[in-house]
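Structure first, commentary second.
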Amino acid sequence: MFSKILVANRGEIACRIIRTARRLGIRTVAVFSDADAGALHVELADEAFRIGAAAASESYLNAARIIAAAQRAGAQAIHPGYGFLSENADFAEAVEAAGMAFIGPSAAAIRAMGLKDAAKALMEQSGVPVVPGYHGENQDGDFLAGEAGIIGFPVLIKARAGGGGKGMRRVDRAEDFSASLDAARREAQAAFGDGAVLIEKYLMKPRHIEIQVFGDRHGNAVHLFERDCSLQRRHQKVIEEAPAPGMTAEMRRAMGEAAVRAARAIDYCGAGTVEFIADVSDGLWPDRFFFMEMNTRLQVEHPVTEAITGIDLVEWQLRVANGEPLPLKQSELSIDGWAFEARVYAEDPARGFLPSTGTLSDIRFPQEGVRIDAGVRLGDRISPFYDPMIAKLIVHGTTRAAALARLTAALENSHIGGVANNLDFLARLSRQADFAAGHPDTGLIDREVEALTAADAPDETVLALAAVLSLGTLQVPPAGDPFRTLGHWQIWGQATRTVTLDHHGERHVLRVAARGLDLFAVNSSSRVIPVRISGRFEGGCHVEADGRQSRLQRLEIARGFTLLVDGRAYDFQIPDPLDSEAETAAGSDRLTAPMPGLIKLVRVRQGDAVAKGDALIVMEAMKMELTLAASRDGIVETLLVAEGDQTAEGAVLLMLKPEEA
């Protein structure tokens with residue numbers, strides 16, 4: 001076995017690989033960018049090397065610097081993780097040319113599956129069914145539009161390189177094809193350095209089911225059963241499970257055999273995933289699944305396969321890369337129970353899943369019965385340079401119902417402060433009726449997005465609790481303070497404060513009166529609500545409000561706080577008292593950056609007339625494109641950015657003025 005390996009990645013997957021290597025007695029070398037100098041994966045490794053600036057193109061995508069670090073450290077092999085250089089055939093070749101093992105498939109196998117059009121042609125030759133569409137070399141826009149018309153709308157435009165939903169657009173009408181094609185090409189070029197696309201028929205009720213495969217250098221290949229990854233948003237997986245609900249033994253055998261044929265067709269060695277799309281308009285049938293692509297690396301969702309098979313897939317990767325045969329044969333593999341994985345992201349579901357940046361002021365997950373794969377810890381910063389994943393939450397149970405109940409409970413009892421996050425969205429999704437009944441499909445989230453993302457409106461009691469906790473009441477005076485027993489008081493009259501709180505655009509004004517030590521009366525819009533703090537703990541307290549006892553937690557977020565009460569999270573902003581009504585009104589004249597990012601496209605010029613909803617600027621942030629639109633009709637009075645500019649969160653990008661009468 002190797003004695004030292006370098007992990008050419010960051011975040012949770014780097015930490016995941018390091019932990020298995022440590023268990024096997026293998027020393028690990030980490031690499032880091034300027035943004036990650038104090039990151040968790042750097043702390044966990046035995047040694048670490050700086051490889052460049054924060055931008056991935058100057059660090060984690062710099063193959064030469066990574067290989068130089070590995071040589072300097074005396075590493076015998078490099079594990080690429082997933083993303084970044086994990087499916088880069090040139091990198092795999094360069095690693096081996098430098099005298100080290102690449103912990104992954106051969107460069108030839110990566111190239112065979114790296115471009116989706118060529119991969120589909122190869123699969124057809126190998127007897128693996130593929131989705132109807134155009135997979136050729138002609139990239140002329142008019143030609144592709146014609147092919148889309150022949151295929152029949154809706155169609156899916158897909159980048160031929162890479163994965164993760166980048167460079168992918170669904171198009172429902174011919175008139176939308178050109179703009180969608182341009183957007184897909186830009187995103188694909190930025191993500192993979194290849195703007196070429198293919199066109200496929202969009203199945204109206206599809207499920208995304210993938211097969212985990214493994215091969216070695218001794219001619220062995222097996223599959224480790226399936227994962228259902230149908231719960232997706234913007235073509236990115238949200239909750240994955242294994243096995244797939246409703247899967248029959250016949251279909252599992254057919255899909256598994258097709259996946260192994262795909263692996264054998266390219267002499268595959270190592271961990272890989274063959275992704276299929278299944279037409280479930282009439283249930284799951286073994287003749288209604290189609291090859292989409294093969295990911296020649298470890299998948300983000302690999303822990304659910306580990307949970308149902310009891311196998312450490314990273315250990316298998318290390319052993320196979322070291323020249324060992326696969327530890328088990330197909331007949332020795334079996335499924336035990338059910339597993340789910342939920343991807344916890346720094347994003348705001350109520351604002352179109354806009355990624356969020358900031359410092360993690362609180363991060364707590366259940367300690368029992370839950371596996372947490374995370375690359376961050378308390379006090380770490382979620383930066384704009386990389387994917388905004390915070391953690392993966394994995395559960396296992398004897399049945400699907402038992403595992404799903406455990407998933408819901410774990411999500412409801414997890415807390416994150418300092419950044420917007422999708423915990424509440426994930427919890428609602430885990431309770432969604434169709435998903436709970438075992439009927440997921442790739443369109444489910446889009447159909448139910450309003451119900452899944454709508455903010456819970458706080459009732460009067462919750463508003464009263466938020467008002468009390470907004471006044472610093474969690475702080476306890478020192479034991480020797482002579483005024484400790486007096487509580488909140490003033491010399492003349494009753495101590496009162498007017499509190500203004502904003503909750504998702506709605507303003508609430510309440511008056512809080514102190515009536516003794518930790519006793520308050522809150523005047524809401526219709527009545528007076530008594531509140532008593534009965535005990536404090538770090539970040540929260542026990543209270544009695546309107547005769548009901550509750551446990552509260554307060555988590556700091558930008559310009560406000562999150563109140564956790566009765567398993568629900570409520571985000572409150574505390575408005576700046578210096579903001580005037582005039583300034584608020586003028587805000588609609590300004591188009592501002594919702595987060596730090598790169599200006600990719602400016603669609604208007606100074607003096608142009610625009611209508612409400614018109615796309616004005618496209619920016620790229622945290623691996624995704626954001627289209628910023630006009631909030632009202634007007635004339636572009638001032639344009640403050642150009643294509644290629646880097647911009648900060650809140651920066652004014654352009655200003656509008658009313659159209660002249």
Side-chain angles (χ1 to χ4, degrees), residues 231 233 238-241 303-304 307 338-350 353 356 360-374 376 378 389-397 399-437 440 444-445 448-449 451-459 461-462 465-466 469 503-504 537-543 545 548-557 561-572:
L231 288 189
R233 175 191 57 76
V238 178
I239 294 179
E240 304 97 345
E241 62 181 299
V304 293
W338 216 283
F340 288 93
E341 173 185 285
R343 302 189 187 192
V344 181
Y345 279 98
E347 62 184 12
D348 190 346
F353 297 93
S356 176
L360 293 168
S361 60
D362 191 276
I363 179 166
R364 276 174 265 183
F365 295 106
Q367 299 299 306
E368 295 183 6
V370 180
R371 168 178 165 180
I372 302 297
D373 282 12
V376 294
L378 186 67
M389 180 183 285
I390 296 173
K392 300 184 308 193
L393 189 153
I394 305 105
V395 298
H396 180 259
T399 64
R400 186 176 192 272
L404 186 57
R406 183 168 289 174
L407 176 70
T408 301
L411 290 167
E412 291 177 344
N413 287 286
S414 298
H415 307 309
I416 295 170
V419 295
N421 63 82
N422 65 342
L423 280 172
D424 185 59
F425 163 76
L426 292 171
R428 292 188 192 194
L429 184 56
S430 73
R431 297 189 296 263
Q432 199 278 333
D434 290 333
F435 178 56
L444 188 151
I445 290 178
E448 302 293 329
V449 68
L452 293 170
T453 60
D456 287 329
D459 60 23
T461 301
V462 171
L465 295 171
L469 263 66
H503 180 269
H504 290 275
F537 52 87
E538 184 179 356
C541 62
H542 297 281
V543 300
R548 181 183 178 188
Q549 294 186 2
S550 300
R551 184 180 189 273
L552 307 184
Q553 285 185 277
R554 171 181 164 144
L555 308 178
E556 300 302 318
I557 59 174
F561 62 95
T562 297
L563 182 67
L564 301 174
V565 54
D566 298 331
R568 293 187 175 182
Y570 301 89
D571 292 336
F572 293 99

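- Classified by interplanar angle (parallel below 30°, tilted 30° to 60°, perpendicular above 60°), the ring pair Phe340/Phe435 is perpendicular.
- Residues Lys392 and Glu240 are not paired through a salt bridge, judged by the lack of any N-O separation under 4.0 Å between the basic side chain and the carboxylate.
- Ser430 places a side-chain N or O within donor-acceptor distance of the main-chain N or O of Ala427, the cut-off being under 3.5 Å.
- Summarising the geometry, atom CZ belonging to Arg431 is positioned 10.5 Å from atom CG belonging to Leu426; distances are rounded to the nearest 0.5 Å.
- Distance check: Ile416 CD1 to Asp424 CG gives 12.0 Å after rounding to the nearest 0.5 Å.
- Distance alone, capped at 3.5 Å, places no donor-acceptor pair between the Ser414 side chain and the Phe365 backbone.
- Side-chain atoms of Arg551 never come within 3.5 Å of backbone atoms of Cys541 as a donor-acceptor pair (strictly under, hydrogens ignored).
- Residues His415 and Leu555 approach most closely at CB-CD1, 4.1 Å, considering heavy atoms.
- Put simply, CG on Leu465 and OH on Tyr570 are 10.0 Å apart, with the number rounded to the nearest 0.5 Å.
- Here Leu429 contributes atom CG and Leu231 contributes atom CG; the two are 5.0 Å apart, rounded to the nearest 0.5 Å.
- A salt bridge between Arg233 and Glu347 is present, with a side-chain N of the basic residue lying under 4.0 Å from a carboxylate O of the acidic one.
- Side-chain contact between Leu407 and Leu404 is present, with at least one heavy-atom pair separated by less than 4.5 Å.
- For the pair Glu341 and Arg371, the salt-bridge criterion is not met [side-chain N within less than 4.0 Å of a carboxylate O].
- At least one cation-pi condition fails for Arg343 and Phe425: the charged atom is not both under 6.0 angstrom from the six-membered ring centre and inside a 45 degree cone around its axis.
- In this structure, the ring of His542 has its center less than 6.0 angstrom from the ring center of Phe537.
- Under 3.5 Å, the side chains of Thr562 and Asp571 contain a donor-acceptor pair of N or O atoms.
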